[in-house]
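Residue numbers start from 1 in every chain, and the chains themselves are labelled A, B, ... in the order their sequence lines are given, proteins ahead of strands. The figures here come from the full heavy-atom set of this structure, side chains too, leaving out hydrogens, waters and symmetry mates. The structure displayed is predicted, hence computed values, not measured ones.
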Amino acid sequence: MLDINFIRENPDAVRENIKRKFRQDKLPLVDEVIELDKKRRELQKEGDSRRADRNRLAKLIGTLMREGKKDEAEEAKAQSKANNDRVAEIERECAEVEISLKKAMTAIPNMIAPDVPDGRDDSQNVQGEVFLEAKAKPFEVPYHVDILEKLGGIDLDSARRTSGNGFYFLTGDIARLHSAILTYARDFMIDKGFTYCIPPFMIRSDVVSGVMSFDEMEGMMYKIEGEDLYLIGTSEHSMIGRFMGQTLPESALPQTLTSYSPCFRKEKGAHGLEERGIYRIHQFEKQEMIVICKPEESDMWYEKMWRYTVEMFVSLEIPVRQLICCSGDLADLKYRSCDVEAWSPRQGKYFEVGSCSNLTDAQARRLGIRYKNEKTGKNEFAHTLNNTVVAPPRMLIAFLENHLQADGSVHIPKVLQKYMGGKDKIEVKV
RNA sequence: GCAGAGAUGGCGGAGUGGUCGAACGCGCACGACUCGAAAUCGUGUUACGUAGGAAUACGUACGGGGGUUCGAAUCCCUCUCUCUGCGCCA
């Protein structure tokens, strides 16, 4: 969400930005917003002066009543009543305009960073840095579910019976590995100076509608029957909700947080749910990082954050690369974003295991996340960023494929061994 | 879950239909006093929106939403949260 003053003063820049994202369909929104904003201000002007009249008359009536001038008071009452009818009318109209205005405003994308590569869609994303050598295995790498079954680590049939498609039982060493990865990732981020958080796994509807659009909500969120509660799709939802409507002292910034949560997603309309296995599922767990900082620091944090994820994967001996999101692939709130992708020896290509975004002040403006700027004494919008540290069932795929040995066992890298009771490999069971 | 009490500015805390953006105190900022400091005294100190170069003016906001009234922090309804007691429970 952009600042209305910015749109009013820089309509051409806003239009250019929309064009860079290949969203010509959104161009009319700019004029629409400017028009609605004009209307809103006109309505407010009249409303304000009418309300001023109301206040004046109300005071006058009070005075007249006290002085016992009943007739004059009654006259003023009638006058006030007429005035108030018009006030109510304006307020109705104003509320309507404001709803349309907000709707149009939220549909206008955030300004994107100047150095974001231009491109129409995800096919035009650009490879950034590459870490560790992406090697093929000297033997055939099976599909991840087959690897998991061989290790006695998964039971999808039972999960389908208890919960349906898109769920899993992880068992034995694999379940332990799953926890080990999360615990390792948690400690990794704590060592980087982040504060570990466990947030609520359910949030109210007003928080949901704050952090996502109605369509996103429909496609993702599970609602609790009979309660005003939703299961979170990512801990970002509760973590950012935590700061809604808050003004933080400048000394409280940056907030560098790492949160753990299970994530629940309907994945409605997501084509990938038929993909066999644990790539796209209704429930997974994730270690996330969230940063809320001053505007001048968000570029720096963005760079640090995605590199932390890379560093963590590299420490687990998994080859990764940075994939820079092109203009057309950036969601509306994002200033810039990149995916961290892990190497899949089976497919001979990289696949997404995490995503890092700088939303500048767009999310903060929408949710009212401010900080008090000590220099200017003004309350200003903070910048918000989020990034995946690791989301295990999916990352497990990369882990298994990269550490698979010729004999079917899976090697456990050194840094993880202490979380696995000293084991250096998981052996074939079946 | 039941019963009672409550939610006011950065904090504490007045205010029960009109002159209340809100007494008083604390805190904070600036100034005076001082070699400097403490103490003291003085001045200032909510946010958001609209208009304006600015000073400022007007509007809105006393947990959220709705209602009564010419007028609501104050009355009514509703939701949320907090505290106390009882119940229940890892």
Considering Watson-Crick and G-U wobble pairs with both distances under 3.5 Å, what does [N] pair with?
N	answer
G87(B)	none
G31(B)	C41(B)
A7(B)	U80(B)
A51(B)	U56(B)

For this session: Sort out for me which residue in Glu93(A), Arg92(A), Glu89(A), Lys38(A) forms a side-chain contact (heavy atoms from CB on, under 4.5 Å) with Leu43(A).
Result: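 When Glu93(A), Arg92(A), Glu89(A), Lys38(A) are each tested with Leu43(A), the side-chain contact (heavy atoms from CB on, under 4.5 Å) holds only for Glu93(A).
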Taking the side chain of [X] as heavy atoms from C-beta outward, which of [options] is closest to it?
X	options	value
Lys372(A)	A47(B), U50(B), U80(B)	A47(B)
Arg40(A)	U50(B), U60(B), U19(B)	U50(B)
Ala52(A)	C70(B), G59(B), U19(B)	G59(B)
Arg204(A)	U50(B), G59(B), U80(B)	U80(B)
Arg8(A)	G18(B), G71(B), U50(B)	U50(B)
Asp48(A)	G59(B), G18(B), U80(B)	G59(B)

N/O (side chain, [X]) to phosphate O (OP1/OP2, [N]) under 4.0 Å:
X	N	value
Arg50(A)	C58(B)	no
Asn55(A)	G59(B)	yes
Arg54(A)	U69(B)	no
Asn84(A)	G71(B)	yes
Lys81(A)	C70(B)	yes
Asn5(A)	G49(B)	no
Arg41(A)	A51(B)	yes

For [X] and [N], give me the distance from atom [atom1] to atom [atom2], rounded to whole Å.
X	N	atom1	atom2	answer
Leu57(A)	G71(B)	CG	C1'	10 Å
Ile61(A)	A72(B)	CD1	P	11 Å
Asn379(A)	U45(B)	CG	C1'	14 Å
Arg51(A)	U69(B)	CZ	P	19 Å
Glu250(A)	C28(B)	CD	P	19 Å
Leu43(A)	U60(B)	CG	C1'	16 Å
Lys38(A)	A51(B)	NZ	C1'	16 Å
Arg370(A)	U46(B)	CZ	P	17 Å

Exercise. Under 4.0 angstrom, heavy atoms only, what part of the nucleic acid is Asn83(A) near: base, sugar-phosphate, or nothing?
Worked result: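 It contacts nothing in the nucleic acid.
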Exercise. When you compare G63(B) with A14(B), how far apart are their P atoms, in angstrom units rounded to a whole number?
Worked result: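 That atom pair is separated by 15 Å.
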Exercise. Any cation-pi pair here, Arg186(A) with Tyr260(A), using under 6.0 Å and within 45°?
Worked result: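 No; the conditions do not both hold, so Arg186(A) does not lie above the ring face of Tyr260(A).
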Exercise. Do Asp12(A) and Arg15(A) meet the salt-bridge criterion of a basic N to acidic O distance under 4.0 Å?
Worked result: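 A salt bridge links Arg15(A) with Asp12(A).
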Exercise. If you measure only the distance, is there a donor-acceptor pair under 3.5 Å linking the side chains of Asp155(A) and Ser158(A)?
Worked result: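 The answer is yes; a qualifying pair exists.
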Problem set entry | Aromatic plane relationship, Tyr168(A) with His178(A) - under 30° parallel, 30 to 60° tilted, over 60° perpendicular |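 His178(A) vs Tyr168(A) ring planes: tilted.
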For this session: Any chance you could measure Asn17(A), atom CG, to Asn110(A), atom CG, to the nearest 0.5 Å?
Result: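 One gets 7.5 Å once the value is rounded to the nearest 0.5 Å.
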